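Remember, it's a predicted structure, so these values are computed and weren't measured experimentally. Residues: numbered from 1 along the sequence shown.
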Amino acid sequence: MSYSIAEAARRSGLSIDTLRYYERINLLEPPARDAAGRRAYSDTDLTWLEFLTKLRTTGMPIRRMREYASLRKHGTASAGRRKAILVEQRSAVAARIAELQACMEVLDYKISNYEQIECAMADVAAQEAETRGVPA
């Protein structure tokens, strides 16, 4: 299947400017052109864009993504280095997840603490109402 740049942008979730930028910095091979000379993205291009988007979501720097994209052109001969890049990125992601998990634990603790305070305050208010003879 063939997609215009607008359709490729819509399907990938990236902007048209980002697609052009990725081409310019060699993250994305220039797509084929249709009879009118317009970009014609393939399903393979969209799959690659999805992968690039995942790499960006993990926080991989553009510099490292460019290295990976360049190595990709060498086929299986570069598999070892590409794997190493992904292993390094996975380690960075795991460290970030651990950091976020620690933050989540602090948030959970604080939320629990405030829930206890709210319950205690409700109990005090109920006791005060009861001593004044006001039905709860």
Do Leu49 and Met1 sit in the same hydrophobic cluster, where Ile, Leu, Val, Met, Phe, Trp and Tyr count as joined when their side-chain heavy atoms come under 4.5 Å apart? yes
Only one of Arg81, Arg82, Lys83 forms a salt bridge (charged side-chain N to carboxylate O under 4.0 Å, His left out) with Glu88, so which one is it? Arg81
Side-chain donor/acceptor of Ser15 to backbone N/O of Thr18, under 3.5 Å: yes
Mind checking side chain to side chain contact (heavy atoms under 4.5 Å, CB included) for Gln127 and listing every partner two or more places apart, or none if nothing turns up? none
Same cluster or not: Val93 versus Leu55, using hydrophobic residues (I, L, V, M, F, W, Y) connected whenever any side-chain heavy atoms lie under 4.5 Å apart? no
Supply the atom-to-atom distance Glu115 CD to Cys119 SG, rounded to the nearest 0.5 angstrom. 7.5 Å
May I have the list of side-chain donor-acceptor pairs in residues 94-107 shorter than 3.5 Å, sequence neighbours left out?
from	atom 1	to	atom 2	distance (Å)
Arg96	NH1	Glu99	OE1	3.1

Among Ile16, Ile5, Leu19, the one residue meeting side chain to side chain contact (heavy atoms under 4.5 Å, CB included) with Arg39: Ile5
Gap separating the CD atom of Glu29 from the OG atom of Ser42, nearest 0.5 angstrom: 11.0 Å
Same cluster for Leu52 and Ile25 if Ile/Leu/Val/Met/Phe/Trp/Tyr side chains link at under 4.5 Å? yes
Atom CZ of Arg33 with >12 non-hydrogen neighbours under 6.0 angstrom: yes
Run the side-chain contact (heavy atoms from CB on, under 4.5 Å) test on Leu71 and Ile85 for me, step by step, so that the C-alpha distance in whole Å, both residues' side-chain angles and the decisive distance to 0.1 Å come before the verdict. CA-CA 10 Å; Leu71 290 166; Ile85 290 170; 3.7 Å; yes
Can you pull out every salt bridge (charged side-chain N to carboxylate O under 4.0 Å, His left out) where at least one residue sits in residues 40-55? Sequence neighbours excluded, please. none
Verdict with reasoning, Gln116 to Ser112, per side-chain contact (heavy atoms from CB on, under 4.5 Å): CA-CA 6 Å; Gln116 290 174 8; Ser112 175; 3.8 Å; yes
Under the side chain to side chain contact (heavy atoms under 4.5 Å, CB included) test, which residues partner Arg11, sequence neighbours left out? Tyr3, Glu7, Leu46
Heavy-atom closest pair (Thr53 atom, Ser12 atom, distance to 0.1 Å) is OG1-O, 4.4 Å
Let me check something: do Ile117 and Ile111 share a hydrophobic cluster, defined by ILVMFWY side-chain heavy atoms less than 4.5 Å apart, either directly or through other members? no
ring-ring contact (aromatic ring centres under 6.0 Å, His included) filter on Phe51, not counting sequence neighbours, yields Trp48, Tyr68
Applying ring-ring contact (aromatic ring centres under 6.0 Å, His included) to Tyr22 and not counting sequence neighbours gives none
Could you tell me whether Arg64 atom CZ has more than 12 heavy atoms of other residues or ligands within 6.0 Å of it? yes
